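What follows is a single structure, written as structure tokens, with notes after it.
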Amino acid sequence: MEAHASGFGRVLLLSFCVAGIWAAYISQGVLQEHLSTKRFGPDTKRFEHLAFLNLAQNVVCLIWSFIMISLWSRGSKGGAPWWSYWSAGITNTIGPAMGIEALKYISYPAQVLAKSSKMIPVMLMGALVYGIRYAYSEYICTLLVAGGVSLFALSKTSAKTISKLARPNAPLGYGLCFLNLAFDGFTNATQDSITARYPKTSAWDIMLGMNLWGTIYNVVYMFGWPQASGYEAIRFCQQHPEAGWDILFYCLCGAVGQNFIFLTISRFGSLTNTTITTTRKFVSIVISSLLSGNPLSTIQWSSVGMVFSGLSYQIYLKWQKLQRLQKKRKAT
């Protein structure tokens, strides 16, 4: 009876995590698309300073992580020092800025799809630079994802979707997304190195360190000289308060989403978190297509299916590997 209650409790907690991640990041996606495509006020101006979203997100997450550490990690010591995140902070500032900037040139579904292909640069670097040999099944996953993204990029985008973009330019938009992935790869590798050197580093410590340096770099970039774009972004929000509220809610969604991701990884593991976030991306594309007026052609829907088939197969392969490891541990 106790085991049944415990199992039911885990199902409830998992449902809570899924609902939290989906609600936070789908809402953030809607707000991000809204800010990049909408014309605000009677003067019908666009919010051109999308990099400002990163600074605002850094500041909110910095405050959030500081509060969480103050509440829950008062006695913990031995984590990574704040200065150790300086290099990861650089790539974590440049990468997301490129990803958001891409929304001026390609649609939100195209951006989500391109950013879902993180495995492609990872495998290319591994095979070409480090000589890593991958299984045929892993190449199948990569081919499905790469083929789906390529087919989507080459297919014709609807005139309605193009009309909402600030400066339509597919090659530039996809290029920015793939540069974003490359910088994210360096960021993740640096974070792994930091946690290996300082095993007692918590998720909140990482969040605090990364957002501290992100805030510093973005403040310098956006307010470091009189004509910097940050001043224009502030003026735009003063003239169009609706944009300011959208930015605030966008940042809060990101901070809340981080909470649910940390909770999911700590209770259910990274594989479960990957599954939830992957399905969330698919739902984001569907919502963007149906609610935000970004109609996709039959070929584009087929492309989306190819990408998420590849990602789903990759999750299945990881699950199989995890099962084999667990059997070996039980045997020993």
Side-chain angles (χ1 to χ4, degrees), residues 9-36 47 50-74 85 89 92-93 95-97 99-100 103 108 111-112 115-116 184 187-188 191 201-215 218 237 241-288 291-292:
R10 279 182 65 80
V11 170
L12 278 179
L13 181 59
L14 180 60
S15 301
F16 180 62
C17 290
V18 171
I21 290 172
W22 279 32
Y25 286 110
I26 289 173
S27 299
Q28 190 181 45
V30 170
L31 289 164
Q32 186 182 61
E33 185 174 11
H34 184 72
L35 283 161
S36 65
F47 182 71
L50 296 180
F52 184 75
L53 295 179
N54 287 328
L55 172 58
Q57 181 78 86
N58 286 146
V59 172
V60 170
C61 287
L62 176 64
I63 296 169
W64 189 283
S65 57
F66 179 78
I67 292 171
M68 291 297 105
I69 289 172
S70 300
L71 291 175
W72 306 109
S73 306
R74 288 178 183 174
Y85 299 94
N92 195 50
T93 300
I100 288 179
L103 288 172
Y108 179 72
Q111 185 228 37
V112 171
K115 290 177 69 175
S116 298
D184 280 353
T187 302
N188 293 337
Q191 286 178 344
T201 302
S202 70
W204 297 118
D205 292 328
I206 295 173
M207 191 175 179
L208 181 72
M210 295 295 290
N211 285 290
L212 173 63
W213 284 104
T215 300
N218 274 308
C237 292
E242 183 187 350
W245 284 110
D246 283 349
I247 291 170
L248 175 61
F249 290 131
Y250 169 88
C251 297
L252 290 174
C253 285
V256 170
Q258 286 289 327
N259 272 316
F260 282 104
I261 283 178
F262 295 155
L263 178 61
T264 303
I265 292 173
S266 64
R267 297 298 179 90
F268 302 100
S270 59
L271 183 59
T272 300
N273 180 65
T274 301
T275 305
I276 296 169
T277 53
T278 299
T279 51
R280 188 275 304 170
K281 289 174 183 176
F282 181 79
V283 174
S284 291
I285 290 175
V286 173
I287 288 175
S288 177
L291 299 183
S292 300

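Nothing here was measured: the structure is a model prediction, and the numbers come from that model.
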D184 vs T187, side chain to side chain donor-acceptor pair (under 3.5 Å): CA-CA, chis, key distance, verdict | CA-CA 5 Å; D184 280 353; T187 302; 4.8 Å; no
Please find the pair of heavy atoms, one from [X] and one from [Y], that lie closest to each other, and give the distance.
{"X": "L50", "Y": "L35", "answer": "CD2-O, 4.2 Å"}
{"X": "S27", "Y": "A23", "answer": "OG-O, 2.6 Å"}
{"X": "V60", "Y": "C251", "answer": "CG2-CB, 3.6 Å"}
{"X": "G89", "Y": "W213", "answer": "CA-CB, 4.1 Å"}
{"X": "R280", "Y": "I21", "answer": "CG-O, 4.3 Å"}
{"X": "Y250", "Y": "Q28", "answer": "O-NE2, 3.1 Å"}

Is any side-chain heavy atom of [Y] closer than 4.5 Å to one of [X]?
{"X": "F47", "Y": "D246", "value": "no"}
{"X": "M207", "Y": "C61", "value": "yes"}
{"X": "N54", "Y": "T93", "value": "no"}
{"X": "L13", "Y": "L263", "value": "yes"}
{"X": "W64", "Y": "N259", "value": "yes"}
{"X": "E242", "Y": "H34", "value": "yes"}

Would you sort out whether Y85 and N92 count as a side chain to side chain contact (heavy atoms under 4.5 Å, CB included), showing the intermediate values?
-> CA-CA 10 Å; Y85 299 94; N92 195 50; over 6 Å; no
For the pair [X] (side chain) and [Y] (backbone), establish whether a donor and an acceptor sit closer than 3.5 Å, ignoring hydrogens and angles.
{"X": "T264", "Y": "F260", "result": "yes"}
{"X": "D205", "Y": "S202", "result": "yes"}
{"X": "Q111", "Y": "G99", "result": "yes"}
{"X": "S65", "Y": "L62", "result": "yes"}
{"X": "Y108", "Y": "Q32", "result": "no"}

Establish, yes or no, whether a centroid distance under 6.0 Å links the rings of W204 and F66.
->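 No, too far apart.
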Point-to-point distance, once rounded to the nearest 0.5 Å, from [atom1] of [X] to [atom2] of [Y]:
{"X": "M210", "Y": "T215", "atom1": "CE", "atom2": "OG1", "answer": "11.5 Å"}
{"X": "I261", "Y": "T277", "atom1": "CD1", "atom2": "OG1", "answer": "6.5 Å"}
{"X": "R267", "Y": "R10", "atom1": "CZ", "atom2": "CZ", "answer": "8.5 Å"}

May I have the step-by-step check of side chain to side chain contact (heavy atoms under 4.5 Å, CB included) for C17 and F268, ending in yes or no?
-> CA-CA 10 Å; C17 290; F268 302 100; 4.2 Å; yes
Intermediate values then yes/no, side chain to side chain contact (heavy atoms under 4.5 Å, CB included), E33 and L103 = CA-CA 8 Å; E33 185 174 11; L103 288 172; 5.9 Å; no
With side chain to side chain contact (heavy atoms under 4.5 Å, CB included) as the test, would you mind laying out the steps for I276 and L14 before giving the verdict?
-> CA-CA 10 Å; I276 296 169; L14 180 60; 4.2 Å; yes
